[in-house]
There are 2 protein chains.
Amino acid sequence: MTMGMWDKRDDMVVHGREPFNAEPPGTALARAAVTPADTFYSRNHGPVPRLDPADWRLTVDGLVARPLLLTLDDLRSRFAAAEATVTLQCAGNRRADLTAVRAVPGETPWGPGALSTARFRGARLADVLAHAGIAPEAAHVAFRAPDVSPSADPPQPYEVSVPRDRALTPDVLLAWSMNDAPLPPVHGAPLRVVVPGWIGARSVKWLVRVTARAAPSDGYFQATAYRLPPTDDEPDGVTLGPVPLNCAVLTPSDGAVLPRGPVEVTGYALAGEGRTVARVEVSPDGGRAWSRVALDEPAGPGAWQRWRTTFDLPAGDVLVLARAWDSTGAGMPESPASVWNPKGYVTNSWPRVRLHVR
Amino acid sequence: MTMGMWDKRDDMVVHGREPFNAEPPGTALARAAVTPADTFYSRNHGPVPRLDPADWRLTVDGLVARPLLLTLDDLRSRFAAAEATVTLQCAGNRRADLTAVRAVPGETPWGPGALSTARFRGARLADVLAHAGIAPEAAHVAFRAPDVSPSADPPQPYEVSVPRDRALTPDVLLAWSMNDAPLPPVHGAPLRVVVPGWIGARSVKWLVRVTARAAPSDGYFQATAYRLPPTDDEPDGVTLGPVPLNCAVLTPSDGAVLPRGPVEVTGYALAGEGRTVARVEVSPDGGRAWSRVALDEPAGPGAWQRWRTTFDLPAGDVLVLARAWDSTGAGMPESPASVWNPKGYVTNSWPRVRLHVR
């Protein structure tokens, strides 16, 4: 396999080159429980910064007793390293299913591949904040990166925040390694945040500053973008954070033309924070019959679960559907029409794959 | 208002007298954020025990260092009292919406009133278990009551369990008081469990025994009932615990005939454990137009939120729908057909109220 941009496989679906936005084809993503770095989706808001690890420093400041200035060696030597297999998911994952209902202007039409899984290793954010002495009045923790986004209004470095409780949960990592190798530049070298179960937008790459604050970040990507429904007339839209239950079909791809005979259908499911996937069903006939499918064991509490099943499909047009339930008994909305929203976030309707069998 | 059975208001919808199962009419439930005791829904599996508080004892045993035998005075005097306003919800709440799709034989056709809210006061279960010295290998905590259910197979006293983590969260109460009065007999006097955000079946009434265990309770109501989908051919159905996002219309009631003019529509929404309700919308025309409605502030993290809105409805048949989103951006399934299951649990499709306007 020759290499594409940013050391990615050359069959990535590249939605944009600058900023670089790309997702793996379903066949590639379906292949392994842990996504190789060359296959991992990439979502960016500006040019990829090239930071020299030797010069790089992490500032920890704001509402803390002891502001810190840390090198990468400091992080590795002063804090216990933790490792976890985590699925990161773009808030726009599966947006293409919404555009089938109505256009979502100005947003990337992600398929089901704006989601990938890696083994991350790093220091626990909670340990670093404890070392700095986070103050009781710090209700939020902001993450700052140097990539300046031209799509922000006004253009500004990337900054978002998470609530204190989330920041102090021990699963949040300041990761320097991805799949046992240093973070690649396009994935945030030398250090990124990993917030399992939350939209990828909170797992800030090229991290340079952690600031304990009384209020959420007032940056564009916290206060304006990544809100649902982010319409001008409803400024109090929902700030997206934790991601809900979702599932998708990875293969065959939508629109595929197939020969008759057994067809393997593969996909994934993942539950929201604090929940597990209880059940996945797949229909080979537009929802008349449903088969329960077995799920692979997840590699950890923040990781996806893959599934596969085989159908003998009749000739003609076939609509394959999938649906999942979580450990509370909650399911997914049936139709993309009911989840359509102006920015196309959180597409969690039943995935629909149209096939033609010859 | 004259009194009905068990000191309930006489306009309760009584689904069964023995065991006593009753829900308040929507008008009564909608009236107050905290449900009066005479209006609170009642779900029972056997005859209501009459326990003398003076003779009553609570046994705390199993995988603990120091088994306890506690009087009600012991609980009040040895442990700090805690208070919370909590909405309890039957796993079968809104089942009637499913029976419109297909019958659910042998189960009570609850409307949207198998859910009520009270201010509970009691000791924290975590404090009692700490006092007893819960062992590290205790992965579950079982609650036993003396009411023998004839519907269990075989007939047996009521017992269920919750996982250790849930039991040790400080919001779980051993409550002796409801709305500033001693628990009424039908609500578990002298002591009941209150597990916010979980199906009502885990908030065991007439509590007599708390047992720390390595495995979940093997009683009928844990191992067989309250599972989704609880079919014979799928013994590994989901054990219901936390309840998902839901909303309902309380007034007008389904099938109402109304005069023309402004019609107030009222209802409630509540999110699952660890989430909040982000948005509720109501449609006066079967889903073509939707209005966002304002939500009352919840009385606490485990409490419902009421809402109301007014529509000028045209003459003829009208279908009112409602839908909610939680803080993860997750919505509700549109149709009851997609959530139908053999025991009719966890009905969380969009509520549908058919009206006729003259």
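The shown structure was predicted, so the numbers you read here are calculated from the model rather than taken from an experiment. A note on names: the letters A, B, ... follow the listed sequences, proteins ahead of strands, and every chain is numbered from 1.
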**Request:** Side chain from CB out, backbone as N, CA, C, O: work out which of these in A/W325 comes under 4.5 Å of a heavy atom of chain B, or both, or neither.
**Result:** side chain
**Request:** Provide the closest heavy-atom pair for B/G329 versus A/P244 in the form atom of the first, atom of the second, distance.
**Result:** C-CG, 4.5 Å
**Fill in**
For B/E273 and A/R275 the tightest heavy-atom approach is O-NH2, 4.3 Å
**Message:** Enumerate the side-chain hydrogen bond (donor to acceptor under 3.5 Å, both in side chains) contacts for residues 103-117 of chain B, please, sequence neighbours excluded, ordered by first and then second residue.
**Reply:** B/T87-B/T117, B/E107-B/K343, B/T117-B/W304
**Message:** Counting only non-hydrogen atoms closer than 4.5 Å, does B/V339 touch chain A with its backbone (N, CA, C, O), its side chain (CB onward), both, or neither?
**Reply:** neither
**Asked** Which pair of non-hydrogen atoms, one from B/P242 and one from A/S327, has the smallest distance, and what is that distance?
**Response** CD-O, 4.3 Å
**Gap separating the CG atom of A/L228 from the CZ atom of B/R279, nearest 0.5 angstrom** = 7.5 Å
**Distance, nearest 0.5 Å, that separates CG of A/N246 from OG1 of B/T328** = 10.0 Å
**Message:** Quick check on A/W350 against chain B: is it the side chain, the backbone, both or neither that has a heavy atom closer than 4.5 Å?
**Reply:** side chain
**A/E137 atom CD, over 12 foreign heavy atoms within 6.0 Å** = yes
**Asked** Within the distance-only criterion (no hydrogens, no angle test), does the side chain of A/E334 pair as donor or acceptor with the backbone N or O of B/P333 below 3.5 angstrom?
**Response** no
**Asked** If you measure from CE on A/M332 to OG on B/S338, what distance do you get to the nearest 0.5 Å?
**Response** 11.0 Å
**Complete:** Honestly, the part of A/S335 sitting under 4.5 Å from a heavy atom of chain B is both
**Asked** What residues, two or more places apart in sequence or in another chain, satisfy salt bridge (Lys or Arg N to Asp or Glu O under 4.0 Å) together with B/R306?
**Response** B/D296
